[in-house]
Amino acid sequence: MQPRRSVVRCPKGIRPGFDLCPHFFGKRLPVDQLSHGRGSIRSTAHSQTSRSRWKSRLGVVCRGAMFDPVSPQVSFPELDATQLAFWENTRIFEKTLEGGEEKQPFIFYEGPPTANGMPHPGHVLTRVMKDVFLRYRTMCGYYVPRRAGWDTHGLPVEVEVEKELGISGREAIQEYGVEAFSRRCIDSVFKYIGEWQKMTERIGFWVDFDSAYVTFHKSYVESVWWALSEMFNKGLLYQGYKVVWWWPQGGTALSAGEVGQGYRTIDDPSVMIRFPVVGEERTSFLAWTTTPWTLPSNVALAVGAKTDYATVELEDGERLVLAAALVGKVLGEEANVVATRKGSELVGVSYEPPFRYAEPQGGPAWQVVDADFVSLDSGSGLVHLAPAFGEDDFRVCKEKGMGFLQLMKPDGTFPDEVTDFAGRFCKDADRDIIRNLSARGVLFKEEVYRHDYPFCWRAMDDPLIQYARRSWFIRTTQEIDRVKENNQAVHWEPDHIKSGRMGQFLEGNVDWALSRERFWGTPLPIWKNDETGAVESVGSVAEILERNPEAFAHFEKAKAADPTLQDHLMVHKPWIDAVSWTKDGEPGVYRRVPEVIDCWFDSGCMPFAQWGFPHQNADAFERNFPADFITEAVDQTRGWFYSLMTISSLMFPQRALPHPFKNCVVLGLMTDEKGKKLSKRDKNYTDPLVLMDRVGADAVRWALYAGTVPGQSTRFFDDAATDAVREFLLKIWNVYSFFVTYANIDGWTAATARPALADRPDMDRWVLAELDATVRAVRRELDDYKSHMAVRHLLGFVDGLSNWYVRRSRARFWASDDSDDKRAAFSTLYEVLIDLAKLAAPFVPFMTETLFQNLVHKDDPAAPESVHLASFPEPDAARIDEELRKTVERVRNVVTLGQRVRNENKLKVRQPLAEAIVVVADDEERRGIDRFASAIREELNVRALGFTQEPHKYVEFELVPNFRVLGPKLGKQVPACKKALAEADGSALYAEMEANEKIVVQLPNGPIELTPSEVEVRLSAREDFAASSGSGQVVVLDTRVDDSLRREGLAREVINRIQRARKTMDLAYEARIEVKWNADGELAEAIEEHAARIAGETLATGFSRESAPGSAHDAEIDGSTLSLSISAV
RNA sequence: GGGGCACUAGCUCAGGUGGUUAGAGCGCACCCCUGAUAAGGGUGAGGUCGCUAGUUCGAGUCUAGCGUGCCCCA
């Protein structure tokens, strides 16, 4: 449904039809959109009524207004557009960074995203979470540089390019050409950079894209090289084996994510094999495996150290050793157990392996070891270990110092040494191996084992195998204590990350497998002498040129031929692979090893690599190290957070902890309404840009702040954003619109003299006290990185502002006289709105800017140009008034109780009542509440507010122990005390307490004295009154309606009917009318009695009792007919 | 299999250091207001705080075990 379009005349007399009216909503909104209202929220056309009423108000506004008129109907997306243009034109973001040298810095590191996919709501969340704390710190006077970054390396990028090219695998890439492939990768990583920037700008995340660091850039790569060469020189970089999920047919390892995509349920052979014990006649270990093809590479058997192992003698005298708990399952219940040993007793025992094609190298072999992963769920309780083909196997064998044997070629076939199966594919050979074992009597039992097993996601018939590859490692285990110490010093939000997810991850830390056998990544800066095997590492291009000035001649030549070749590519494959050097007096040529590195190492280097440190910008690095604040999603715990912390711990051991970040907010994953992961495939989310165009960026931001507790998954759905509009944005907007409308009508301006705080009425001082409390609370929460808590304080304040302050103060603003009270009201609401705009600016930067521009900046050249250049509100000691805050809380509670009484007794508010009686605890409370007597009388529509002198008449008393005080004092006697108080006559005890300031209670152990502070008095309304109690208060209503009250009630009904008629007639607020009426009996009496008031409240200049046949506005009131004829004057 | 997190109203979620009437918003019911007006407001119903033990005078909160869900790793 399209909102109707129409043109509203500009209030300042700009010619009709003018496209851009400078007087609405800042500078850029087309006039013809003014009356659409919130098509964004509810896409309906506005009625004639609201439009013409608004017009009529504009008519009043035109007389010398200070503030631009504000429609209560607002389109937040359109405001966004205005402010985005304003910020861009006036370069507000850049201005927040001016004068940075004199300010205290607040350092932020941007975790670099990869722009080869579209941004989704999860990215929106991290961006707005970054933004709120950065804007807050900026307004607090810090210098907050925000440099963007792009992560550009890694397997996902390569896979994306492979998809584009329709190729797959290492060989295909080599065939395509590594150089061309690298260039495609560069194009690919920026494929969606436009969308990322657009989303970032649209959501209002200020970040400097112009100076963004890019991980493939030459200076960045050189910094990474420097880090690696430092580690190499400290002996922290070494080559070893790593067991990976290997795709034999493709010749490549797969990442965990890829492996996860390819699981299938299949049947594998499950075999139990005899491993004869050396030195024990006719005795064998019975071990179990589901991968027979790994048996030729067996190195050890694993047992559980604490597990019991039984020796079982079979009928033919053969003995088998297996877990005692599994004897029945494997050999039957009547098996003959002749001995039992602990697993620990078996450790070190040698056995005969099933195959002896080759001897394991590098340590002993064919012995029993103990391992933590041996389970008794299946098998025999002894596990065959082949370190070349299993991660656990590898780890245990390494820990125990066992040897290593890998009888399998990378293509998945057996090498020639395995004479019986040479050339056979591993999985295909299983059957023949089993047959071979069976023939030799080594096989004990064969079964089928159904389980999930990974296959290659790109070729679902190709099984993956675990396979040990030569790989480069960082010896993080050597320095892990320093990393742990660093972790302890970080402020994590939520706190449990420290000892939980991150702490546990560090506990299980293994050396960082750094190298990748891929193409697009930072090349490992290690050169190996092809004759001597000597190894060198370099930390920059300059270091290479020192060794061989001609090292990059091939690159320069290629560049001359093709000017599009970026310098950045000289430090990438394939160019870097052609770089070599020789050394005087040393045979052989130094050539680079083929690997590139894990891209997590790249991003973990960003604290220094973003500056090209140490090769350049040493001062910039020092100024920006460490970061005060970072935030990303929880999946970065073992990603970026780990790489940052580990690299920094290794590189800068002398620096004060923590580094390179002090505060880290860890965000949960985003899910949809039902808790399901957001996924492009399921389309279970609205494109953030689409959503923002519908409800505005502030609504999306607010919904995210309100719904996000760090560490918890965030359920996000479109309704949350519309709720944000209603609950927060529109409430503020309504108050703002209200203020501007009446300030303009009244001619109130910021220059009007303001009454001193002490001279303002309670209501004003109250709202300012609430404001001050909110300022303190929001500051405290934001300082603590608890944005969701800050949100709650803001919501509470806005509710009080809208539903108590403005509602109760409306009449003060439209008073016609020129009073101090009115000036106080305008001053107060003005000051509150400005501080509220500043207070909420970090959260909802768009709307608050609109308020600020209109309320402050427009006519005050001395004011900051933007709310984001203003100072965050400071606590103001003068505004503190806890007593008043408490009083108003009680006053509001009195109103609530009174309303409840009316509801329960079906007494509508329109019917006046004689009196409301409040039961108060003491005179002080009474005086406090009495200060708001008129407000309470109006809210409850009672003629008088009384305070009872006889509480016992209305109220039952109950005394309850003050547990917090009496608990420590009485200990186990507390329940007895509670019981005694409950059983006693509460009212009598209360009277005793009033008289003596103490009471005596009989307990089983003797009497005790209780003072007033040791008990709580509970009041409850007696049932024979129209009364209600709650929060320690009681309110009684006099429900008797006498004739006078009834007539007043009827008069209000009449006013109500005439007002409704005015609305039906679509009259302007200030339009005068003439009323002719007729009625009978009591209704007529009531009208006659209250004629002046009725006429006054309905702006009737004529009000006469005449028969008016055929009137359009006849109504019925309590069964009587009211004849009404109304005409505009 | 290991680790982490969560479980509170129909729904989405808050509930520093244990203190006895467990809160909010939405939704629902009833109602009010009509000069913020296709807006706004009030009152109410609705909860054995996942389950079971334990510590304690006292547990939504602390401890242990179990269950369910999600995340990370294997």
Side-chain angles (χ1 to χ4, degrees), chain A residues 37-38 42 44-47 49-50 53 57 72-73 256 372-373 375 377 391-392 494 496-497 499-505 507-508 633-635 637-638 668-669 671 673-677 706-707 709 711-713 715 717 719-720 722-723 726-727 730-731 733-739 741-742 784 786 788-789 791-792 795-796 799 802-803 806-807 810-811 813-814 895-904 906 908-910 939 941 960-978 1016 1018 1020 1028 1030-1032 1055-1056 1059-1060 1062-1063 1068-1070 1097 1099:
Chain A
R38 20 221 291 253
R42 211 168 276 162
T44 55
H46 284 276
S47 70
T49 309
S50 59
R53 282 188 172 211
R57 225 186 275 175
Q73 268 93 44
D372 50 13
F373 59 81
S375 97
D377 295 339
E391 198 164 345
D392 282 333
H496 61 71
I497 299 286
S499 55
R501 223 164 168 125
M502 180 57 88
Q504 293 294 328
F505 181 55
E507 284 304 319
V634 67
D635 56 341
T637 308
R638 58 188 58 224
L669 255 68
T671 69
E673 207 164 350
K674 294 175 193 122
K676 254 189 83 183
K677 213 169 161 177
V709 181
Q712 304 279 26
S713 64
R715 290 193 192 206
F717 41 100
D719 285 353
T722 40
D723 284 354
R726 226 188 354 229
E727 275 177 37
L730 215 47
K731 267 188 187 158
W733 190 264
N734 281 333
V735 172
Y736 164 62
S737 156
F738 174 86
F739 169 81
T741 302
Y742 288 100
D784 228 12
K786 293 189 164 73
H788 64 291
M789 294 301 288
V791 160
R792 300 173 68 81
L795 276 173
D799 182 68
S802 170
N803 291 337
V806 171
R807 195 158 57 82
R810 273 188 294 223
F813 289 90
W814 62 68
V895 172
T896 296
L897 293 175
Q899 281 163 336
R900 189 191 295 168
V901 178
R902 274 190 174 270
N903 247 297
E904 283 167 358
K906 303 239 178 279
K908 56 176 116 178
V909 181
R910 218 178 287 148
E939 289 286 319
N941 194 16
V960 177
N962 181 344
F963 291 98
R964 208 183 271 271
V965 178
L966 281 182
K969 182 178 162 187
L970 295 183
K972 298 202 185 216
Q973 293 190 86
V974 168
C977 177
K978 182 184 176 186
E1016 279 173 23
R1018 297 232 174 105
S1020 53
S1028 190
S1031 305
I1055 293 171
N1056 168 265
Q1059 299 287 28
R1060 277 196 228 168
R1062 287 183 64 111
K1063 198 174 160 188
Y1069 289 141
E1070 69 282 8
E1097 292 205 13
L1099 296 182

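Numbered from 1 within each chain, the chains take letters A, B, ... in sequence-line order.
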Using a strict 4.0 Å threshold on nitrogen-to-oxygen distance, state whether Arg807(A) and Glu939(A) make a salt bridge.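 So Arg807(A) pairs with Glu939(A) through a salt bridge.
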Value in whole Å for how far the [atom2] atom of [N] lies from [atom1] of [X]:
{"X": "Asp799(A)", "N": "G42(B)", "atom1": "CG", "atom2": "C1'", "value": "12 Å"}
{"X": "Phe738(A)", "N": "G35(B)", "atom1": "CZ", "atom2": "C1'", "value": "9 Å"}
{"X": "Met502(A)", "N": "C72(B)", "atom1": "CE", "atom2": "P", "value": "15 Å"}
{"X": "Leu897(A)", "N": "G42(B)", "atom1": "CG", "atom2": "P", "value": "14 Å"}

Which heavy atom of Lys978(A) sits nearest a heavy atom of Pro961(A), and at what distance?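 In this case the closest contact between Lys978(A) and Pro961(A) is CA-CG, 3.7 Å.
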Note: for Asn962(A) and Phe505(A) on RNA chain B, the residue whose nearest nucleotide lies more 5' is Phe505(A)
Between Gln899(A) and Glu727(A), name the one whose nearest nucleotide on RNA chain B is closer to the 5' end.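 Whichever sits nearer the 5' end wins; that is Glu727(A).
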Taking atom [atom1] in both [N] and [M], compute the distance separating them and give it to the nearest angstrom.
{"N": "U8(B)", "M": "C70(B)", "atom1": "P", "answer": "15 Å"}
{"N": "C33(B)", "M": "U43(B)", "atom1": "C1'", "answer": "14 Å"}
{"N": "A22(B)", "M": "G47(B)", "atom1": "C1'", "answer": "9 Å"}

For [N], does either OP1 or OP2 sit under 4.0 Å from a side-chain N or O belonging to [X]?
{"X": "Asn1056(A)", "N": "U34(B)", "result": "yes"}
{"X": "Lys731(A)", "N": "G41(B)", "result": "yes"}
{"X": "Arg900(A)", "N": "G44(B)", "result": "yes"}
{"X": "Gln504(A)", "N": "C73(B)", "result": "no"}
{"X": "Ser802(A)", "N": "A36(B)", "result": "no"}
{"X": "Asn734(A)", "N": "A39(B)", "result": "no"}

For the side chain of [X], counting heavy atoms from C-beta on, which of [options] is nearest?
{"X": "Arg501(A)", "options": "G3(B), U34(B), A74(B)", "answer": "G3(B)"}
{"X": "Asp392(A)", "options": "A74(B), G35(B), G4(B)", "answer": "A74(B)"}
{"X": "Gln1059(A)", "options": "G19(B), C73(B), G35(B)", "answer": "G35(B)"}
{"X": "Asn803(A)", "options": "A14(B), G40(B), A74(B)", "answer": "G40(B)"}
{"X": "Lys978(A)", "options": "C5(B), G19(B), U20(B)", "answer": "U20(B)"}
{"X": "His496(A)", "options": "A14(B), G41(B), G4(B)", "answer": "G4(B)"}

Taking the ring centre of each residue, are Phe739(A) and Phe813(A) less than 6.0 Å apart?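 Aromatic pair excluded; centres sit 6.0 Å or further apart.
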Listing time: all N or O pairs from protein to nucleotides 55-61 of chain B that are below 3.5 Å?
unit_1 : atom_1 : unit_2    : atom_2 : d
C57(B) : O4'    : Gly971(A) : O      : 3.1

Using the ring of each side chain (for Trp, its six-membered ring), is Tyr736(A) parallel, tilted or perpendicular to Trp733(A), with breaks at 30° and 60°?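 Perpendicular: the ring planes of Tyr736(A) and Trp733(A) meet at over 60°.
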Regarding Arg810(A), tell me which of base, sugar-phosphate or nothing describes its non-hydrogen contacts under 4.0 Å with the strands shown.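 Result for Arg810(A) = base.
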side-chain contact (heavy atoms from CB on, under 4.5 Å) for Ser802(A) and Asn734(A)? Distances and angles first, verdict last. CA-CA 8 Å; Ser802(A) 170; Asn734(A) 281 333; 6.0 Å; no
